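These notes are about the structure you will find just below.
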Amino acid sequence: MLPAQQWQELLVHCRRKISGNHLACENQDFKAFGLIGGRVNDHTIDVVSIAPLYKNARGSKNHKRFMDHQMECHAIPSVTPFTERGWVADQQEVDDALKTMHSQNCSLIGTYHMHRVAWDHDPIRDTPTELDLMLGQGSRMLMFIISMVDPAKPIIKAFFEGVTSQEIPIEIV
């Protein structure tokens with residue numbers, strides 16, 4: 001269950017990034033990433049908290065080396081060069097988001113990121129890529145993909161650990 005208010009928060013983040021209306025505290029790129037907090041019930045998962053991420057730690061020496069290698073092995077060429085792809089969350093932002101989620105009586109249930117460029121073999125871009133799958137592997141979390149290929153018609157889907165055969169239906173309420 002995704003409340004309409006949280007869906008709007010996600011869309012505001014994605015549309016702001018696409019438009020280039022960057023905040024002073026964030027990376028000056030056109031990609032939106034963040035964390036999602038929620039509560040797991042018997043038959044549903046309720047989204048409670050959206051935590052946009054602003055700082056990409058990918059440039060630090062250890063993260064850069066790791067992500068460069070993952071790009072070479074798993075990524076498909078796109079308009080953004082490999083060296084600028086692959087988000088690594090800033091630890092302080094993660095800690096702050098976890099504190100907020102705890103105060104809201106919810107837990108980290110997943111991550112979100114935006115796909116914005118159509119590919120010949122994937123014109124809608126509403127599913128995880130091979131790279132997404134590799135990065136989500138073993139996380140035990142949901143991966144929310146927000147397709148902004150057509151910003152007027154955004155699509156959101158969720159997948160357990162980024163596995164396309166393990167899509168979790170989303171109901172916006």
Side-chain angles (χ1 to χ4, degrees), residues 1-41 44-58 76 78-80 84-90 92-94 96-119 122-129 131-133 135-136 139 141-164 166-173:
M1 303 301 227
L2 176 62
Q5 177 182 339
Q6 277 78 9
W7 175 227
Q8 287 307 309
E9 286 181 48
L10 292 167
L11 290 175
V12 165
H13 186 203
C14 292
R15 288 182 173 137
R16 186 177 55 73
K17 293 296 286 189
I18 285 176
S19 73
N21 184 15
H22 305 296
L23 303 176
C25 65
E26 71 184 348
N27 284 59
Q28 306 295 298
D29 56 24
F30 298 96
K31 300 170 286 220
F33 294 88
L35 305 174
I36 296 182
R39 297 184 190 109
V40 179
N41 302 305
T44 62
I45 301 170
D46 298 324
V47 172
V48 174
S49 181
I50 304 299
L53 296 174
Y54 303 109
K55 300 174 187 169
N56 188 349
R58 187 201 195 292
I76 295 171
S78 187
V79 297
T80 307
E84 297 174 23
R85 290 170 55 194
W87 188 273
V88 178
D90 175 79
Q92 186 60 56
E93 285 189 320
V94 173
D96 292 346
L98 292 174
K99 286 177 189 170
T100 299
M101 289 175 197
H102 180 73
S103 74
Q104 295 172 326
N105 195 30
C106 67
S107 302
L108 177 63
I109 61 166
T111 63
Y112 71 88
H113 70 276
M114 169 180 77
H115 289 172
R116 63 185 175 87
V117 177
W119 288 345
D122 187 3
I124 300 173
R125 300 288 314 282
D126 63 349
T127 56
T129 64
L131 176 66
D132 293 334
L133 175 61
L135 294 172
S139 67
M141 290 195 294
L142 299 178
M143 178 182 291
F144 291 79
I145 304 287
I146 304 166
S147 171
M148 295 295 284
V149 172
D150 180 353
K153 296 178 184 174
I155 300 168
I156 186 168
K157 292 187 177 183
F159 304 87
F160 180 71
E161 294 188 344
V163 178
T164 56
Q166 295 186 54
E167 184 175 353
I168 307 297
I170 296 176
E171 184 176 337
I172 299 174
V173 293

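This one's a predicted model, so the numbers in the text were calculated from it and none came from an experiment.
- Ring geometry for Y112 against H13 counts as perpendicular: the plane angle is over 60°, on a 0 to 90° scale with 30° as the lower cut.
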Are I156 and I145 close enough, and set up right, to give a side chain to side chain contact (heavy atoms under 4.5 Å, CB included), and what steps lead you there?
-> CA-CA 6 Å; I156 186 168; I145 304 287; over 6 Å; no

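- The distance from atom CG of L11 to atom CD1 of I146, rounded to the nearest 0.5 Å, is 7.0 Å.
- Under the 4.5 Å side-chain criterion, counting only non-hydrogen atoms from C-beta, L142 is not in contact with F159.
- The pair K31-E26 does not count as a salt bridge, with every side-chain nitrogen at least 4.0 angstrom from each carboxylate oxygen.
- The distance from the CD atom of Q166 to the CD1 atom of I168 is 7.5 Å, given to the nearest 0.5 Å.
- A heavy-atom distance below 4.5 Å is found between the side chains of I155 and I124.
- Annotation: the span from S49 atom OG to M101 atom CE amounts to 4.5 Å, rounded to 0.5 Å.
- Side chains of T111 and F144 form no contact here, defined as non-hydrogen atoms less than 4.5 Å apart.
- Shown here is H22, whose NE2 atom has more than 12 heavy atoms of other residues, nucleotides or ligands within 6.0 Å.
- Between E171 atom CD and I45 atom CD1 the span is 13.5 Å, to the nearest 0.5 Å.
- Side-chain atoms of T44 never come within 3.5 Å of backbone atoms of N41 as a donor-acceptor pair (strictly under, hydrogens ignored).
- The shortest non-hydrogen separation linking V117 to S78 is CG1-OG, 3.9 Å.
- What you find for K17 and F30 is that their closest heavy atoms are O-CD2, 3.1 Å.
- Q6 places no side-chain N or O within 3.5 Å of a backbone atom of V47 that could act as its donor or acceptor partner.
- The minimum heavy-atom distance between R125 and S147, with the atom names listed, is O-CB, 3.5 Å.
- Contact annotation: the side chain of L108 approaches that of M141 to within less than 4.5 Å [non-hydrogen atoms, C-beta and beyond].
- The CD1 atom of I36 lies 5.0 Å from the CG atom of L10; values are rounded to the nearest 0.5 Å.
- Counting only heavy atoms from C-beta outward, the side chains of E167 and K157 approach each other to under 4.5 Å.
- Contact detail for V48 and R39: the closest heavy-atom pair is CG2-NH1, 3.5 Å.
- A donor-acceptor distance shorter than 3.5 angstrom exists from the side chain of R16 to the backbone of N21, with no hydrogens or angles considered.
- To the nearest 0.5 Å, the span separating OG1 on T127 from CG on D122 amounts to 4.5 Å.
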Verdict with reasoning, Q92 to K55, per side chain to side chain contact (heavy atoms under 4.5 Å, CB included) | CA-CA 10 Å; Q92 186 60 56; K55 300 174 187 169; 6.0 Å; no

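- Using a 3.5 Å distance cut-off with no hydrogens or angles, the side chains of N56 and D29 do not pair a donor with an acceptor.
- For the 3.5 Å distance criterion, the side chains of E161 and S139 fail to qualify, holding no donor opposite an acceptor.
- When every heavy atom of T164 is checked against every heavy atom of P128, the shortest pair comes out as CG2-CD, 3.6 Å.
- Side-chain atoms of D132 come within 3.5 Å of backbone N or O of T129 as a donor-acceptor pair.
- Annotation for I18 and P151: closest pair CD1-CG, 4.3 Å, computed over non-hydrogen atoms.
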